[in-house]
Amino acid sequence: MKDLLPTPAVASSDTRIPIYDHPSDLITEKYTPLLGTPSSSSPPSSRRSLTFWLILYFGFNLGLTLYNKGVLIHFPFPYTLTALHALCGTFGSLVLLRNGTFVPAQLTAADNLALVAFSVLYTINIAVSNVSLHLVTVPFHQVVRAATPIFIILLSIFLFGTRSSNHKMLSLVPVIAGVGFATYGDYSYTRSGLVLTILGTVLAAIKTIYTSILQSTPSPTSPQPRVNFIVPPRLQLHPLDLLMRMAPLAFIQCVFLAYLTGESSRVHAWSLVQMTPIKAALLGVNGLIAFGLNIVSFTANRAAGPLSMTVAANVKQVLSVFCAVILFKLTITPTNALGIVLTITGGMWYAAVEYQEKRGRWRK
């Protein structure tokens, strides 16, 4: 669940999360209450708070990637692991709802139907990510996922007819070249792992666009989809509200997939022989980290802004690769290392260009 989901300094219960009408626009913002309001009149404390939440986000993100890989080595049941993440997201969001952290939106039957359809994408995205992580190494997985901006640009053209600037397109050259170099030679992945990892990256890009649309405010200036029935409506959903609605559906769907593929029977057999209180506790902690990442990522996004978050995510990808090399005793060639550097550099360049364009400093 790390791809979906939500102060710094505690004050009133009115932290504001910016929600945009389109993934690449900052035209209209809708602010929603969360856990507290950062004060702009106290720069030192704000800087300390910003650093704290960025470090916390960085730690959760890196930790969950490596933790998932470690868990899947000893608990090779990706659908069950995804169901666990969804279950933790369900209970966690319900607890926050009960505490008054957010107010659920009033939706029509058509809106709920759109959310059910989105939940299928939400579930498949998480499941494919976990399945592919089981079939490939962490470096390969992270490098391919770093190519997400390529698919976001292509999908934006296909869904809305919006084209990116030359600056953005140029920044993707090292990303494409880097993925090629990084996946060259023996890189410990299967053919099915390669296909699923690329599919997971495409699904992550679709989910990023759709999630932004579901949380955005309807506006005459919003880009209109070319085909309405494949794009969800703009529902102004709070991020935690969206998680609360998606997580139970994802849990049900993952349990069904586990049963359909025979994974549930294998989990039962594994539990009878290998399950211990310590292993059960480790699985529970994994689910809590997944839910914690959802909360921390939204809070850090409010405090840090898009560029800092994207740079932190790219730095996390680099450290994921090197930590995986050490922890899982992997080897990479100089060509693979060059590919990793090119891909991450291109991703950071893309983030910088996007930030400058949002601020209107470069022509689009």
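Keep in mind that this is a model prediction, so the values were computed, not measured.
Grouping the Ile, Leu, Val, Met, Phe, Trp and Tyr side chains by contacts below 4.5 angstrom, directly or via other members, places Leu243 apart from Leu288. Phe151 is connected to Phe158 through a chain of hydrophobic side-chain contacts under 4.5 Å among Ile, Leu, Val, Met, Phe, Trp and Tyr, so both are in one cluster. Transitive grouping of hydrophobic side chains (ILVMFWY, heavy atoms separated by less than 4.5 Å) keeps Val103 and Val95 in distinct clusters. Residues Leu113 and Val231 do not share a hydrophobic cluster, defined by chaining ILVMFWY side chains whose heavy atoms lie under 4.5 Å apart. Tyr259 and Val131 end up in different hydrophobic clusters when Ile, Leu, Val, Met, Phe, Trp and Tyr side chains are linked at under 4.5 Å.
The heavy-atom pair separating Gly287 from His85 by the smallest distance is CA-CD2, 4.0 Å. Nearest heavy-atom pair, Val353 versus His167, reported as atom, atom and distance to 0.1 Å: CG1-CB, 3.6 Å. Taking each heavy atom of Ala205 and Leu155 in turn, the nearest pair found is CB-CD1, 3.8 Å. Residue Gly89 comes nearest to Ser93 through the heavy atom pair O-OG, 2.8 Å, listed as atom of the first residue, atom of the second, then distance. Leu203 and Val128 get closest at one heavy-atom pair: CD1-CG2, 4.1 Å. Phe75 and Leu81 get closest at one heavy-atom pair: CE2-N, 4.4 Å.
Rounding to the nearest 0.5 angstrom, the gap separating the OG atom in Ser119 from the CG atom in Leu249 is 4.0 Å. With values rounded to the nearest 0.5 angstrom, Ile124 atom CD1 is found 8.5 Å from Leu199 atom CG. Rounding to the nearest 0.5 Å places CZ of Arg266 at 12.5 Å from OG of Ser271. Note that CG of Leu235 is 10.5 Å distant from CD1 of Ile213, once rounded to the nearest 0.5 Å. Ile252 CD1 to Phe256 CZ: the interatomic distance, rounded to the nearest 0.5 Å, is 12.0 Å. From Ile209, atom CD1 reaches atom CG of Leu159 across 6.0 Å, with rounding to the nearest 0.5 Å.
Partners of Asp241 by side-chain hydrogen bond (donor to acceptor under 3.5 Å, both in side chains), not counting sequence neighbours, listed by chain and number: Arg245. Scanning for ring-ring contact (aromatic ring centres under 6.0 Å, His included) contacts around Phe251 gives an empty result, with sequence neighbours left out.
Between Leu84 and Cys88, some side-chain heavy-atom pair lies under the 4.5 Å cut-off. By the 4.5 Å heavy-atom criterion applied to side chains, Ser264 and Thr80 are not counted as neighbours. A heavy-atom distance below 4.5 Å is found between the side chains of Glu263 and Pro78. Proximity of Asn286 to Leu64: side-chain heavy atoms (C-beta onward) are separated by under 4.5 Å at one or more points. Looking at heavy atoms from C-beta onward, Leu94 lies in side-chain contact with Met244 at the 4.5 angstrom threshold. The closest side-chain heavy-atom distance from Leu97 to Leu240 is not below 4.5 Å. Two residues are said to be in side-chain contact when any heavy atoms from C-beta on lie closer than 4.5 Å; Leu135 and Leu196 meet this criterion. Using a 4.5 Å heavy-atom threshold, the side chains of Leu115 and Leu214 count as touching.
At least one donor-acceptor pair under 3.5 Å links the side chain of Tyr67 to the backbone N or O of Leu282. A donor-acceptor pair is defined here as one N or O able to donate and one able to accept, closer than 3.5 Å; such a pair exists between the side chain of Asp111 and the backbone of Thr108. Proximity of a side-chain donor or acceptor of Lys207 to a complementary backbone N or O of Leu121 within less than 3.5 Å is not detected. Remark: side-chain polar atoms of Thr345 are not paired, donor with acceptor, to backbone N or O of Leu342 under 3.5 angstrom.
By the neighbour-count criterion of 12 heavy atoms within 6.0 Å, atom CE of Met275 is densely surrounded, having more than that number from other residues, nucleotides or ligands. The number of heavy-atom neighbours closer than 6.0 Å to CD1 of Ile278, taken from other residues, nucleotides and ligands shown, is 12 or below.
Aromatic ring pairs are classed by plane angle as parallel below 30°, tilted from 30° to 60° and perpendicular above 60°; the pair Trp270 and Phe77 is perpendicular.
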